[in-house]
Amino acid sequence: MDIYLFEAIINGILLGGVLALLALGLNLIFGVIDVVWICYAELVMCGMYMIFWLHSFFGWPILLASFAAILGVAGLGVLLHLLVISPILGSAPINQLLATGGMLFFLQSLATLLFGTDFRNIGVRLPLIELGDIFISYSRLLAFGTALIGAVALYLFLSRTYLGIAMRAIAQDREIMGLMGVDQRRVYLITSAVGGALAGLAACLLVLQYDVHPFIGLSFGPITFMICVLGGLGNMIGGFIAAFVMSQIIAVGGYYFSIEISYVLAFVFFIVLMFIRPQGLLAR
Amino acid sequence: MAADQNGQRSLGEGAMLTLCNISAGYGSFRALFDVSLEVGAGEAIGVVGPNGAGKSTLMRVISGMLRASSGELVFEGRPLTHVPAHRIVEAGIAHVPEHRRLFARLTVEENLRIGAFLPQARRHYVERSEWVYALFPRLLERRRQLAGTLSGGEQQMVAIGRALMSKPKLLLMDEPSAGLAPLVVDQVFDLVRRIREEGYTVLIVEQNLQQVLDVVDRAYLLEVGRIRLSGLSAELKKNPAIRKAYIGL
Amino acid sequence: MKNELARRLGALVVATLLLALVPLATSDYALHIAIQILLWGFVYTAWSLMGKFGLVSLGHGAFLGIGAYASPLLWNYAGLTPWLGIPIGILAAMLLALIIGYPCFRLRVVGHYFALVTLALSQVALLTIVAARDITGGSLGMTPKAVGHSWYALQFPEKPYFYAIALAVWVFGILIWHFVDIGKGRAALDAIAEDEGAAAAIGVDVMREKLRVTLASAALTAFGGALLSQYFMYVNPDTLSGIGVSLQIVFAAIAGGMYSALGPTAGGLFTIALPEILRVTMGTNFVGAANTIYGALLVIFIIFMPRGVIGLIESRLAAAPARKISKEPAA
Amino acid sequence: MAILSRLIRSFGLFGFALLGFALALPVIDDGALAQDKPIRIGLLYDLSGPFAAAGSVASQIGAQIAIDLTNERGGVLGKYKVESVNADSQSKPDVAINEGERLINQEHVDVIVGVYSSAAAVPLASKVEEQKKILWITTAVATSVFKDRSLKYVFRAQIHSDQYGQAGIGFLTEHAKSDLGVEPKDLKIAIIYEDGPYGTGVAAADEQYAKQAGIQIVLKEAYSANAPDLSSLVTKLKRARPDVILHAGYNPDITLFLRQAREAGLRFKMLIGNGAGYSQLDKLTATFGTDIDNFCDIDPVPAQHLDAAKLAPGLGDLIKIMVERYKAKTGANDVPPHVSMGFNQTWILLQNVLPIAIEKYGGTDAEAIRKAALDVDIPVGGTIQGYGVKFFPPGTQLSGQNERSTPVVMQYVKGQIKVVWPTAIQNVPPVLPLPAQSPYAVN
């Protein structure tokens with residue numbers, strides 16, 4: 001087999017890990033609250049800035065800074081829910097979409113205002129992993145592993161705990177949750193916090209691979225979004241698989257054609273698949 | 001203690017649930033007008049009436065899904081008029097909603113677990129679930145199956161089981177026989193009878209007058225949002241107006 | 001119905017006459033902004049034709065882009081006058097709308113999923129324009145060959161000319177809006193928006209009605225795009241196609257109020273004039289501040305005025321007399 | 001009556017809004033016209049958005065320093081003060097058009113100085129041509145901004161993108177045999193670039209000149225500056241095995257590329273960057289430390305790296321002032337070439353063009369400036385960036401472009417920038433190929 005093609009496939013799998021990690025939180029929010037956080041990638045950006053400032057500026061150890069960022073972004077998620085989502089829970093979905101779209105714009109500009117447009121970097125260089133002729137990115141492997149662990153942990157949480165089951169149930173029938181003794185607002189707040197924390201977790205891993213700047217969200221926003229839809233919005237397993245499908249199209253398509261074409265392929269694939277399976281890859 | 005009060009209750013002080021002049025509606029549409037009723041501990045009460053009489057609205061008001069626009073709701077001496085639904089469950093009222101409303105994409109077992117969401121219920125989850133499975137052995141066989149794949153009668157078992165998981169003092173049942181085949185309807189009323197025998201206080205809303213009057217002690221007749229008649233079920237069964245209008249004789 | 005139509009027409013005529021006086025009173029810069037508001041207002045109105053029936057398209061960036069690119073391309077490479085180039089662009093946009101709309105409606109792709117399929121469509125259009133950089137100039141954009149003042153080339157360096165054109169086109173858009181609003185298809189589309197299955201059951205040809213309004217919307221959007229590129233004498237993939245533009249269109253229509261004839265135009269005022277005023281008044285001392293305020297305002301608008309500015313005002317005005325009437329029988 | 005009420009109900013509101021908008025505009029106007037008519041210059045750069053940190057802000061600061069310095073010395077010709085009006089095009093061409101309209105029609109500036117992005121330069125050039133004002137480009141490089149457009153009111157003393165290819169390929173052909181040990185025709189290069197106007201322009205020039213020189217192009221590929229992943233590009237480069245990679249990119253994509261290249265074990269003999277992100281040495285060093293030592297970069301020279309002795313008298317001091325002020329203003333270590341671009345071009349306008357316009361053509365209106373610009377004739381060594389100035393006259397293919405501008409090839413040596421080409425003005429001889437200690441070097 002063509003060694004370079006093999007490398008492209010491996011790269012695709014690793015990229016899939018990064019994208020899957022990003023999709024986790026967004027999917028959870030959609031599944032439970034039935035709202036799409038368009039500004040999700042911007043929350044990741046906020047997390048990256050938090051780590052940068054805490055680590056590079058205040059000199060906190062990287063793990064502590066990461067932990068703080070996870071908590072910080074979880075807090076942002078709660079704020080986002082309280083200030084933006086909860087007042088318009090009853091509105092048309094498109095209004096919810098646009099409100100979070102406005103937040104995207106707001107967060108981007110606020111970051112510009114606060115931090116300037118400079119690219120920031122925490123300056124951590126991770127070792128290389130070399131297996132014969134194949135090189136594997138340490139940071140990507142880390143992201144891949146975390147995505148896997150995160151997905152399994154989330155799966156266990158959603159299937160084993162009372163709160164997790166309630167989260168899955170709430171997506172199916174909101175109105176009667178009260179009859180089960182479930183306080184819907186509380187579940188939404190917790191979900192927003194968990195979704196935020198997952199964005200914070202993604203930030204911890206992305207900051208190892210990317211420079212932070214106010215527009216970093218543009219790189220990830222659209223593709224993360226497509227992945228969640230492709231997997232079936234709110235379908236965790238579907239989203240996980242979709243991340244790897246999309247990343248393979250991008251990686252292998254990029255290898256055979258060009259990166260530009262690979263994205264066109266990914267989007268066309270998305271459109272066609274929406275026609276064939278409008279409810280997502282794993283639709284029943 | 002509750003079971004031996006069957007059939008004979010005294011009005012006033014001893015009532016478990018009291019509704020006093022409850023009015024409610026949706027937007028500008030009013031569905032209930034000054035409804036008052038009482039449920040004593042250990043009683044089985046029916047609320048009967050035609051389609052659109054406001055029966056389900058009444059249930060929704062009691063369980064907190066809908067706010068009463070005026071009137072008072074007292075449960076075991078506690079006013080519950082403007083308390084949100086999840087607090088009402090805590091107080092001890094469980095509601096088996098109209099059309100069952102199961103979580104179709106959760107398993108039977110998970111549906112039961114949701115029913116035991118309250119902290120006080122979680123502690124007794126194991127014994128409660130064993131008890132529910134004993135009550136409905138069919139569910140034990142199907143516990144890993146998705147609730148949406150069950151038959152109508154089985155789904156009704158899950159809905160009742162789910163409500164019982166919170167160890168309620170009062171069980172509200174909204175049209176348990178609706179949409180079921182006649183044979184299954186009989187089974188459902190058997191279920192209600194068995195739950196009564198377990199000592200639960202039950203408030204049941206039904207269109208199916210004939211069968212519900214066989215199960216309950218007393219009943220109220222609700223028409224266009226107002227209570228028209230009330231009395232012991234034996235008396236109501238004999239009431240010529242009711243016989244004419246609802247039992248088809 | 002006749003009466004209502006006459007009333008609407010009358011109001012429109014008076015407003016048009018008033019707006020026609022604007023060039024006499026303002027500077028070229030204000031006129032420049034006013035032209036953009038009218039042309040974008042037209043595009044937003046075109047979008048709301050679909051949007052108000054629950055067909056939330058995030059793909060209008062693609063239609064706008066096709067309209068915007070077609071006539072400059074034909075003009076530069078084939079010397080074809082925009083009088084022919086623009087209709088060709090419009091037809092191309094309608095064709096694309098058909099290609100995407102037909103399977104969407106056939107396969108019942110609705111709601112979130114319809115929005116996202118069309119979103120992907122605008123991204124595909126953007127990438128295609130960029131990738132075809134040998135012809136389109138890629139992300140550098142392209143300029144139609146300038147010939148100075150010319151009706152044949154539809155180029156007017158003097159702003160009042162274009163203002164007049166923009167005004168005429170905008171009025172045309174409002175007329176179409178009213179036409180659809182009181183037209184025969186309205187009830188059918190309302191029924192579809194309410195419940196597609198039920199609409200089909202009572203004999204509404206869901207496919208035909210949806211396609212009709214989609215094609216009309218795409219055609220008008222492409223027309224708006226063509227005029228924008230003709231006015232700016234410049235097309236750029238980021239400004240006139242792609243996701244950003246699609247979101248801007250939807251945003252403006254909703255913030256302005258897509259259920260009112262003037263809502264989308266008010267949205268134009270909001271998305272064109274407001275950032276401009278904010279940017280200029282905030283100056284360059286606090287870089288990013290203007291957009292931060294703009295973003296916050298976007299969110300606040302959506303939260304507090306879900307039916308848009310005009311929608312809110314209309315419901316306030318409608319509520320006032322209604323209250324008076326309801327008191328009368330009681331007295 | 002009904003018509004009236006309906007009118008007030010809906011259209012009235014629209015009218016009020018328009019009226020409010022019209023009323024808001026005078027507030028925007030500074031009312032500066034009433035004063036003693038200084039020379040008004042609009043500074044139009046991307047102060048926010050992705051381009052801001054990729055050199056646009058640096059250019060703006062450079063231009064501002066040139067204006068401040070001129071005013072401190074009494075103004076143009078020692079008596080005409082210069083007043084600058086700042087504008088932010090937010091890295092978006094449509095905002096650039098609106099700001100251009102405002103500067104010309106509302107602020108009544110005589111000249112617009114600036115423009116970082118070529119995508120903004122193209123429509124702005126059309127605007128000023130139409131309205132007969134001057135656009136003085138300091139930074140945007142795409143050749144296509146001028147090529148075959150017979151512009152009359154747009155000038156650029158800055159280099160144009162074709163020259164990147166000329167310099168890069170010239171440098172390689174000169175050193176192929178002596179340092180890389182292969183004939184130019186056996187040299188294999190790869191051209192990778194961000195797909196915006198800048199990258200595309202540079203890459204096209206690279207390709208054209210490489211073909212002329214007979215150098216083999218083993219890969220030419222574009223990517224979006226926003227791309228979240230470039231690993232498939234890296235893999236293709238590994239397969240194509242180029243000796244030299246020519247790269248045109250902004251900052252986030254360069255960082256991503258170099259990081260993924262290192263992680264994937266991509267090796268090459270040399271990497272030549274083409275300005276933009278590669279000229280922001282401070283930021284690259286912050287990320288990569290010494291890993292990027294000995295990489296090359298083509299751009300107009302940062303003036304402080306030229307040997308002041310080879311420039312016209314007085315320019316050395318000027319450079320020192322510029323460098324000091326930039327460092328004081330930003331706290332930066334490295335002064336990127338964009339500062340020199342902004343400063344130099346603005347300085348040429350203020351010191352060489354406007355005096356002729358005022359003295360010979362009687363004012364600072366567009367026509368006078370245009371004629372004055374065409375009169376300017378500065379020999380090589382006459383500006384702080386070393387090149388001379390002579391604009392291509394109307395009727396030529398690149399009318400308005402400076403025919404004497406040149407870029408240089410620089411090399412990062414231990415966190416410092418050294419000029420290595422053209423050989424005549426080099427600080428040090430180039431290190432070629434990458435030495436073995438580089439993590440990117442071919443073993």
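Order of the sequence lines fixes the chain letters, A, B, ..., with proteins taken first and strands second; residue numbering starts at 1 for each chain. Both backbone and side-chain heavy atoms feed into the values below; hydrogens, waters and symmetry mates do not.
From D/Asp94, atom CG reaches atom CD of C/Gln248 across 7.5 Å, with rounding to the nearest 0.5 Å.
Among the candidates D/Ser144, D/Ser117, D/Pro93, D/Ser126, the residue making the largest number of heavy-atom pairs closer than 4.5 Å to chain C is D/Pro93. Looking only at heavy-atom pairs under 4.5 Å with chain D, the residue among C/Gly263, C/Gly148, C/Pro157 that has the most is C/Pro157. In terms of heavy-atom pairs under 4.5 Å with chain D, the best-connected choice from C/Leu127, C/Val130, C/Val235, C/Asn291 is C/Asn291.
The 12-atom threshold is not exceeded at CZ of C/Arg307, counting heavy atoms of other residues, nucleotides or ligands nearer than 6.0 Å. Open room surrounds NZ on D/Lys211; 12 or fewer heavy atoms of other groups in view lie less than 6.0 Å from it.
Cation-pi geometry between D/Lys127 and C/Tyr29 is not met at under 6.0 angstrom from the ring centre and within 45 degrees of the axis.
Judged by distance alone, the side chains of D/Asn105 and C/His32 never bring a donor and an acceptor atom under 3.5 Å apart.
Of all heavy-atom pairs between D/Ala119 and C/Tyr234, the closest is O-OH, 2.9 Å.
Using a cut-off of 4.0 Å between Lys/Arg side-chain N and Asp/Glu carboxylate O, C/Lys159 and D/Glu101 are scored as salt-bridged. Using a 4.0 Å cut-off between a side-chain N of Lys or Arg and a carboxylate O of Asp or Glu, C/Arg279 and D/Glu99 qualify as a salt bridge.
In this structure, chain D has a heavy atom under 4.5 Å from the side chain of C/Asn236, while its backbone stays farther away. In this structure, chain C has a heavy atom under 4.5 Å from the backbone of D/Ala87, while its side chain stays farther away.
Between C/Leu140 and D/Ser118 the shortest side-chain heavy-atom distance falls below 4.5 Å. Contact of the C/Ser27 side chain with the D/Gln106 side chain is registered, since non-hydrogen atoms from C-beta on lie closer than 4.5 Å. Side-chain contact check for C/Ile33 versus D/Arg102: every heavy-atom pair is 4.5 Å or farther apart.
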Q: Could you go through the side chain to side chain contact (heavy atoms under 4.5 Å, CB included) check for C/Arg133 and D/Thr200 one step at a time?
A: CA-CA 9 Å; C/Arg133 60 174 62 87; D/Thr200 313; 3.2 Å; yes

Q.
side-chain hydrogen bond (donor to acceptor under 3.5 Å, both in side chains), that's the test. Do C/Gln36 and D/Asn98 meet it? Break it down for me.
A. CA-CA 10 Å; C/Gln36 285 182 67; D/Asn98 288 355; 2.8 Å; yes

